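Let me begin by presenting the structure, written as structure tokens, before commenting on it.
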Amino acid sequence: MNEHPREPDANEPGTRDVDRRSHSAWGGFTRGLSLGALVGAAIAGSAIWERLRKRDEPTPDEPVDRDVDAG
């Protein structure tokens, strides 16, 4: 008598297909979630960078600061 449980045969219906489907569905979900997180981080980083860059640039209608004592 065999003490170990029998390994399912790859040709038995429903054994490998279920594993493959559940693995690929979970893999697709995590891949999509990861990709969405990366895209969201890139968009947020771009928006922050744009705001910081615009904050440091003077606007065209803003008067230029001139030192009164310099000249």
Side-chain angles (χ1 to χ4, degrees):
M1 291 235 185
N2 193 357
E3 295 178 14
H4 300 289
R6 182 178 70 82
E7 293 273 330
D9 184 16
N11 295 326
E12 287 183 40
T15 55
R16 302 285 262 175
D17 293 336
V18 172
D19 292 340
R20 190 177 305 128
R21 276 192 305 249
S22 64
H23 178 67
S24 88
W26 179 248
F29 172 75
T30 56
R31 191 175 317 125
L33 187 65
S34 300
L35 184 61
L38 287 173
V39 169
I43 292 170
S46 175
I48 291 170
W49 182 257
E50 178 99 10
R51 287 181 183 178
L52 290 174
R53 193 173 51 85
K54 284 184 177 181
R55 184 183 69 177
D56 294 337
E57 293 179 359
T59 58
D61 58 336
E62 183 178 312
V64 178
D65 291 335
R66 298 185 189 254
D67 193 2
V68 177
D69 296 332

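From a predicted model like this one, the values you see are computed outputs, not experimental measurements. Residues: numbered from 1 along the sequence shown. Hydrogens, waters and symmetry mates are skipped; everything else that's a heavy atom, side chains included, is used.
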Interatomic distance, L38 atom CG to I43 atom CD1 [nearest 0.5 angstrom] = 11.0 Å

Donor-acceptor pair, side chain of S46 and main chain of A42, under 3.5 angstrom = no

remark   = The side chain to side chain contact (heavy atoms under 4.5 Å, CB included) partners of L52 (sequence neighbours excluded) come to I48, R55

query = Under 6.0 Å from the CZ atom of R53, do we count more than 12 heavy atoms belonging to anything else shown?
reply = yes

ask   = Got a sec, which pairs hit ring pair (Phe, Tyr, Trp, His ring centres under 6.0 Å) with one end in residues 27-51, sequence neighbours left out?
value = W26-F29

